[in-house]
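Below is one structure; the comments refer to it alone.
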Amino acid sequence: MDYMPWWSEKNRKFADEMEAFVDSELVPLAMKLEEENKDPMAIQWQASKKCIEHGFHPLMVLTEEKYGGSEQGYTGYTILNEETGRCLLNINPLLTSVFGAGPVLLFGTDAQKEEFLAPMVKGEKWASITVTEPDAGNDVAGLQLHAEKDGDEWILNGWKRFITLAPLSDYLMLYANTDPQMKQIHRHLTAFIVPRRSKGITIEKINRLTGRVEMANSVVRFRDVRVPEKCMILEPGDGWMVMTSALNIERLGLAGVIGQGRILQEIARAYAKRRVQFGMPISRYQNIQLRMAEIKMRLETARATIYYLADLLDKGEADMFEFGVKSAAAKIYCTQSLAEIGQHAAYICAGEGYTQEFGIYGILENAMLMQIAGGSNDILKIFIGRNEFIKDIDERLLPRALRGVTKEEIENLNES
C-alpha cells in the first residue's frame, strides 16, 4: 500500500496487516464466491463475517479498547475502507453498522456503549441508520416520524423508507421530531437507538435495487412504539447535531469507495499493455495514455484528500463546522471520480470491458449508488455553496475594484 508520509508506525503497521488480510483472505473468497455464483446477500455476509473473525470490522477499528475496539482511529478506518474496496467484496453489513452505531460511538454514555456498542463491535449485533422517510430524503430537517413523551418513555409513530438492512438489524438508529415548533433553529429532532424487534415496528416492504449489492432496503412502519429513556442519545432537541456529526463518519466512509478505482486502474493497465492493435500495444497510443493519466490523477487526489481528513479527525484539529463541508466535498469528489475512472477503464478495455468477467460495469453501478447515498451529491453541492456565502469576505484577496479604497491608502494620498 502507498503510505501517506505523515502516517505513524501504527498506521503503517495496520496498513500492512490490512493489505495482507485482503490478499490472503478476501481476494480468494471473492474468487470462490464468484465461481459458485453466490447471490449478493450471501457474498457480503460471508465477507463481513470473515472481516470480523480477523478483527477488521470498521466499527472495531474506530472504537475504544474498553468496548472491544482496537483504536486505530479514522486513519485506520479509511485504510480499511480503501483496502476492502479493492477486492470487490461488499462488506455492506459492516459499513451499515458503523453508520448506525456512529451516534452511540460519538455521543453515547458509558452505559449505552456497554449495552449497544460493544455487541456491535464484536459482530454479535447489527444496526441500521434510519433517517429517510417518504417525504424527507435529503431534506433531513423535514423528518416527520413523531415522538411524544409519556412518563419515562417516548412513543414513536410514522414511517421510514430506504432503510438499509432494516429487517436484518438488531437496532435502528433513528431521528424523530419531538418539537415541531423548534424546527427553525434545528432543535426539533431527537436521536434514539431502538431495538428493531420492539412492539409496533413492522417491515412493510423490501425494495429491489439495481446493481450487484443487495441491501434488504426496506420501508419500516412505527405504530405506538414505546422507547425507554435510556435509548435516547444526548437530550431532546440534540438530534440535528448528533445526525450531522455522524454523517461526517458516513461520508468519509463513502469516500473510501475510491479503493475500487485501484482495481479499475490495474484492469486498464493490464489490458492496454497486452492488447495489440495496428502492430503495437494500445498502451503506446496517446489517447490511451491520456485516459490512464486521468485515472491516476483522480486516484492520487482522492487518496490524499481522504487521508488528510482522517488525520484532522485523529489529531482533534477538525473544526466541525468546516469539516462538514470538507467531508461533503470529499464524498462528492471521490464518488464522482470513481465513476469517471470506470468510464475511462471501460473505454480502454472496449468490448471486453463490457463483459461481466472484467467487472468494470459492476463498479460503475456502485459508483452511481455512492453518489446518492449519504446525501446526494447535487444536494451536498448546494450545502457547500451556501456555506461559502455565509463566510466573511477576506478583503486581502480582493482587487481594488471590489474592495474599494482603504483608509491607509486615503491617508497616504493626502500626505502626498
Carboxylate-amine/guanidinium proximity below 4.0 Å for K230 and E114 = no
Whether S97 side chain and A127 backbone form a donor-acceptor pair below 3.5 Å = yes
Does NZ belonging to K149 count more than 12 external heavy atoms closer than 6.0 Å?
-> yes
Start with the C-alpha gap between V194 and L174, add the side-chain angles, then the distance that decides, and say whether side chain to side chain contact (heavy atoms under 4.5 Å, CB included) holds.
-> CA-CA 7 Å; V194 180; L174 59 83; 3.8 Å; yes
What do you reckon, is CD of E124 surrounded by more than 12 foreign heavy atoms closer than 6.0 Å?
-> yes
Are the side chains of M243 and L143 in touch, meaning some heavy atoms are under 4.5 Å apart?
-> yes
Tell me, yes or no, whether the heavy-atom count around M31 atom CE, taken from other residues, nucleotides or ligands under 6.0 Å, exceeds 12.
-> no
Derivation and outcome, side chain to side chain donor-acceptor pair (under 3.5 Å), residues E352 and Y271 = CA-CA 9 Å; E352 290 189 79; Y271 183 83; 3.3 Å; yes
Worked check of side chain to side chain donor-acceptor pair (under 3.5 Å) between Q46 and S48 | CA-CA 5 Å; Q46 287 192 46; S48 296; over 6 Å; no
Would you check if the side chain of H188 reaches a backbone N or O of A141 as a donor-acceptor pair within less than 3.5 Å?
-> yes
Approximate separation, where rounding is to 0.5 Å, of S8 OG and D314 CG | 8.5 Å
Would you give the length of the straight line joining atom CD1 of I348 to atom CD1 of I267, rounded to the nearest 0.5 angstrom?
-> 11.0 Å
Would you sort out whether N177 and L145 count as a side chain to side chain contact (heavy atoms under 4.5 Å, CB included), showing the intermediate values?
-> CA-CA 6 Å; N177 195 327; L145 175 70; over 6 Å; no
So do the side chains of K296 and Q265 get within less than 4.5 Å of each other, counting heavy atoms only?
-> yes
Between W240 and Y175, is the ring centre distance below 6.0 Å?
-> no
Is the number of heavy atoms from other residues, nucleotides or ligands under 6.0 Å of Q184 CD greater than 12?
-> no
Would I306 and I258 count as a side chain to side chain contact (heavy atoms under 4.5 Å, CB included) if you check the C-alpha gap in whole Å, the side-chain angles of each, and the deciding distance to 0.1 Å?
-> CA-CA 9 Å; I306 57 178; I258 197 64; 4.0 Å; yes
Does the side chain of L172 reach to within under 4.5 Å of the side chain of I193, using non-hydrogen atoms?
-> no
Just by modelled atom types, is the I155 backbone N or O under 3.5 Å from a matching donor or acceptor in the E148 side chain?
-> no
Within a strict 4.5 Å, meaning less than it, do heavy atoms of the Q371 and D378 side chains meet?
-> no
Report the residues that fulfil side chain to side chain contact (heavy atoms under 4.5 Å, CB included) with R298, sequence neighbours left out, ordered by chain and then residue number.
-> E294, Y333, S337, E340, I341
Could you give the distance from NZ (K125) to CD (E115), rounded to the nearest 0.5 Å?
-> 10.0 Å
Side-chain heavy-atom pair R262, L299 within 4.5 angstrom cut-off = yes
Does K113 NZ have over 12 foreign heavy atoms under 6.0 Å away?
-> yes
Verdict with reasoning, N11 to T75, per side chain to side chain donor-acceptor pair (under 3.5 Å) = CA-CA 7 Å; N11 296 148; T75 297; 4.6 Å; no
To the nearest 0.5 Å, atom CD of Q72 lies from atom NZ of K13 at 8.0 Å
Within the side chain of Y77, is there an N or O that forms a donor-acceptor pair under 3.5 Å with the backbone of I249?
-> yes
Atom CD in Q144, atom NZ in K160: separation rounded to 0.5 Å?
-> 9.5 Å
N377 side chain to T335 side chain, donor-acceptor N/O pair below 3.5 angstrom = yes
Does atom CG of L397 have more than 12 heavy-atom neighbours from other groups under 6.0 Å away?
-> yes
If we only count heavy atoms from C-beta on, is the L313 to F323 side-chain gap below 4.5 Å?
-> yes
Taking the six-membered ring for Trp, is the centroid-to-centroid distance between F192 and W154 below 6.0 Å?
-> yes
Pairwise side-chain contact, E153 with V227, heavy-atom cut-off 4.5 Å (strictly under) | no
Ion pair check, D135 and R161, cut-off under 4.0 Å = no
Could you give the distance from CZ (R196) to CD1 (I203), rounded to the nearest 0.5 Å?
-> 5.5 Å
Just checking, is any N or O donor in the side chain of T78 or N81 under 3.5 Å from an acceptor N or O on the other one?
-> no
What class does the angle between the rings of Y307 and W7 fall in, given that below 30° is parallel, 30 to 60° is tilted and above 60° is perpendicular?
-> perpendicular
Should we say atom OH of Y3 is surrounded by more than 12 heavy atoms from elsewhere, each under 6.0 Å from it?
-> yes
Identified side-chain contact (heavy atoms from CB on, under 4.5 Å) counterpart of H57 within the set L80, V121, L94 | L94
May I ask you to check whether over 12 heavy atoms, not counting those of K10, lie within 6.0 Å of atom NZ?
-> yes
Do E71 and T63 touch side chain to side chain, with heavy atoms closer than 4.5 Å?
-> no
Under 3.5 Å, is there a donor-acceptor pair between the side chain of N217 and the main chain of N207?
-> no
Fit a plane to each ring of Y171 and F116, take the angle between them on a 0 to 90° scale, and name the class: parallel (under 30°), tilted (30 to 60°) or perpendicular (over 60°).
-> perpendicular
Given the rule in the side chain to side chain contact (heavy atoms under 4.5 Å, CB included) test, do M241 and F107 qualify, once you have shown the distances and angles that lead to the verdict?
-> CA-CA 10 Å; M241 180 191 69; F107 302 108; 4.1 Å; yes
